[in-house]
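Here the structure comes first, spelled out in structure tokens, and everything after it is commentary.
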There are 2 protein chains.
Amino acid sequence: MTQARVITPLFEDLAKVEHHHQLACQSCALYRLCLPLGLHRDDLTKLDQIIKRSAGYKRHQILFEPSSTFKTIFVVRSGSFKTTISATDGREQVTNFYFPGEFIGMDAIYQQRYLSTARALEASSVCELPYERLQEFSATIPELQNQLMTRLSKELSSDKNLLLSLGKKTAQEKLISFLLSLSQRFSERGYSSMSFQLTMSRGDIANHLGLAIETVSRLFTQLQDQQLLSIQGKEVTILDLPALKQRCG
Amino acid sequence: MTQARVITPLFEDLAKVEHHHQLACQSCALYRLCLPLGLHRDDLTKLDQIIKRSAGYKRHQILFEPSSTFKTIFVVRSGSFKTTISATDGREQVTNFYFPGEFIGMDAIYQQRYLSTARALEASSVCELPYERLQEFSATIPELQNQLMTRLSKELSSDKNLLLSLGKKTAQEKLISFLLSLSQRFSERGYSSMSFQLTMSRGDIANHLGLAIETVSRLFTQLQDQQLLSIQGKEVTILDLPALKQRCG
DNA sequence: GATCAACATTGATCCAGGTCAATAAAGTGT
DNA sequence: ACACTTTATTGACCTGGATCAATGTTGATC
């Protein structure tokens with residue numbers, strides 16, 4: 001099952017990141033996906049000094065939860081995370097998954113308290129952006145402020161698209177939309193858009209899409225039978241992208 | 001059916017707003033709910049000059065849609081709006097409702113293009129905040145930047161709570177959560193939290209909550225039979241708040 | 001205040017996807 | 001390699017809420 005994964009230049013760089021925790025933004029492989037994009041060299045140097053590069057998180061380890069005090073926004077450096085929001089009785093909804101270069105915890109700015117719980121899906125690491133310092137810096141670096149607003153707005157867009165999925169799409173459309181969104185994000189990160197590893201369990205996917213695990217499992221089988229994709233454990237290979245796009249609603 | 005509505009001081013002020021389109025932020029009844037909160041007097045004067053107070057919108061009139069060019073963020077001055085996002089085949093999801101002091105169109109910052117369509121639910125008016133000018137101003141007014149981020153984050157929080165509703169709650173829990181959220185927002189605006197008018201149709205509510213109109217209708221009847229609330233057309237009166245809170249999930 | 005259209009309610013029936021149950025793989029630690 | 005736990009698949013059956021259908025109500029327009 002050790003199928004060859006498409007190795008791109010960026011993927012090799014990402015691998016390096018894991019071994020250089022204090023790597024400066026300037027030479028970070030994620031540069032073009034991350035906050036510093038568009039910042040001047042000396043602004044970047046300043047920003048670099050307030051960013052804390054954390055030690056790694058293990059699979060299932062909690063990054064933050066509603067009881068944590070809100071101090072920082074996190075950027076995924078390597079690996080992946082999920083966030084969940086809980087009803088009073090403990091029912092949980094997986095609100096999003098996060099990959100390298102993506103921001104976690106922005107919903108905490110309002111109320112100064114994390115709304116959700118963030119957990120690592122695999123061995124992962126993050127950069128910590130102290131929110132107060134970020135605010136101070138934004139006052140003198142307009143491009144930084146712009147970047148932050150854009151990130152918040154991007155997360156809004158993604159949530160609203162998920163609302164459409166949850167509210168109006170069939171089970172099959174939900175799963176296809178989800179896979180295409182993953183494909184898109186992997187592609188942006190220099191991974192293959194046609195073949196990738198799911199880092200989350202069937203349970204996480206089902207929960208995220210408002211479905212039962214069994215439904216997700218059956219849909220995978222069904223899409224495979226229809227020759228639209230192939231799935232072997234966590235490895236997804238898209239076989240007929242146009243057909244999938246046409247069926248995602 | 002002209003039942004007496006609870007008139008609070010703020011409500012009277014809100015009524016005035018409708019007749020003074022060019023009312024300055026300083027004397028606007030929405031001041032404490034709106035963007036200018038916490039701004040210094042002279043900053044406010046500057047902000048005041050870039051804000052355009054639009055003419056009114058009629059019921060069902062479109063404020064913006066994905067084909068409109070993104071230039072401004074809107075703040076509801078009076079009335080109410082809904083936003084919808086569309087699937088490729090025309091299916092629509094009502095993503096949110098907006099009341100005085102709330103911001104519409106923030107999901108357009110990323111991509112510089114409105115993601116959704118905004119429509120007036122009744123005769124309404126807005127203030128227009130030109131986004132580029134707002135960005136310039138934020139550079140010199142840290143509190144303004146803070147306000148904008150907080151607003152974006154608040155909308156994120158509200159979307160994530162809706163995700164929980166759509167993904168994990170029963171039809172009854174969805175409707176109760178929705179009504180309690182409305183109650184809360186009316187209360188913040190100086191209206192009664194126990195008795196209020198729904199400005200949206202049953203169809204809008206059903207769509208927003210991922211339900212059929214018939215289900216919403218039956219739930220209203222059912223909640224009324226259980227003495228938890230009373231509903232007469234668009235007038236909702238909450239009869240047993242603790243019981244509702246306990247049933248919202 | 002009559003006409004028509006839009007909106008809302010209620011009942012009867014149906015089905016997409018959930019739940020329950022059994023089995024099979026895949027990981028994990030020793 | 002083995003035991004054990006977690007995760008995934010598949011089948012049989014069930015149900016919450018959708019859909020269909022008929023009727024009632026409200027509200028806009030002239």
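Predicted model only: the values in this text are computed from it and were never measured. Just so we're on the same page: letters track the sequence lines, and every chain starts at 1.
- Within the 4.0 Å cut-off from OP1 or OP2 of D:dT10, at least one side-chain nitrogen or oxygen of A:T221 is found.
- Summarising the geometry, the separation between CG on A:L121 and C1' on D:dT7 is reported as 15 Å, rounded to the nearest angstrom.
- Judged as a salt bridge (charged side-chain N to carboxylate O under 4.0 Å, His left out), not a single pair has a partner in residues 238-249 of chain B (not counting sequence neighbours).
- Within the structure, ring-ring contact (aromatic ring centres under 6.0 Å, His included) pairs that include any residue of residues 229-249 of chain A do not occur (at least two apart or interchain).
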Would you list the atom pairs, donor with acceptor, under 3.5 Å between side chains in residues 211-231 of chain B and any protein atom, with sequence neighbours excluded?
unit_1, atom_1, unit_2, atom_2, d
B:T221, OG1, B:S217, O, 3.0
B:Q224, OE1, B:I231, N, 2.8

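- Take A:E102 and apply the salt bridge (Lys or Arg N to Asp or Glu O under 4.0 Å) test, not counting sequence neighbours, and it matches A:R185, A:R189.
- Per the geometry, CG belonging to A:L175 stands 13 Å off P belonging to D:dA8, to the nearest Å.
- Not one side-chain nitrogen or oxygen of B:K234 sits closer than 4.0 Å to the OP1 or OP2 atom of D:dT26.
- Taking five base pairs at each end of the helix from C:dG1-D:dC30 to C:dT30-D:dA1, the local helix axes there meet at an angle of 70°, rounded to 10°.
- Applying the salt bridge (Lys or Arg N to Asp or Glu O under 4.0 Å) criterion to B:R91, with sequence neighbours excluded, gives A:E173, B:D89.
- To the nearest angstrom, P of C:dG17 lies 12 Å from CG of A:L209.
- Separating the CD atom of B:Q232 from the P atom of C:dA8 is a distance of 15 Å, rounded to the nearest angstrom.
- Separation of the B:Y114 and B:F64 ring centroids falls under the 6.0 Å cut-off.
- Per the geometry, CE belonging to B:M200 stands 16 Å off C1' belonging to C:dA8, to the nearest Å.
- Residues that satisfy the salt bridge (Lys or Arg N to Asp or Glu O under 4.0 Å) test with A:E92, not counting sequence neighbours, are A:R119.
- Residue contacts shown for A:S201 are limited to sugar-phosphate atoms, with no base heavy atom under 4.0 Å away.
- Atom CG in A:D204 sits roughly 9 Å away from atom P in D:dT7 (whole-Å rounding).
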Close N/O contacts between protein and nucleotides 16-18 of chain D (under 3.5 Å):
unit_1, atom_1, unit_2, atom_2, d
D:dG17, OP1, B:A171, N, 2.9
D:dA18, OP1, B:G210, O, 3.2
D:dA18, OP1, B:A212, N, 3.3
D:dA18, OP2, B:A212, N, 3.0
D:dA18, OP2, B:T215, OG1, 2.3

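- Rounded to whole angstrom, the span from the CG atom of B:L223 across to the C1' atom of C:dT10 amounts to 16 Å.
- Among A:F81, A:F97, A:F99, the one residue that satisfies the side-chain contact (heavy atoms from CB on, under 4.5 Å) test with A:V76 is A:F81.
- Distance A:L198 CG to C:dG27 P: 12 Å, rounded to the nearest Å.
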Which donor-acceptor pairs under 3.5 Å do the side chains of residues 160-169 of chain B make with protein atoms, sequence neighbours left out?
unit_1, atom_1, unit_2, atom_2, d
B:K160, NZ, A:E155, OE2, 2.8
B:K160, NZ, A:D159, OD1, 3.4
B:K160, NZ, A:D159, OD2, 3.1
B:N161, ND2, B:S157, O, 3.2
B:K168, NZ, A:Q93, OE1, 2.8
B:K168, NZ, A:N207, O, 3.1
B:K168, NZ, A:N207, OD1, 3.3
B:K169, NZ, B:S177, OG, 2.9
B:K169, NZ, B:C248, O, 3.1

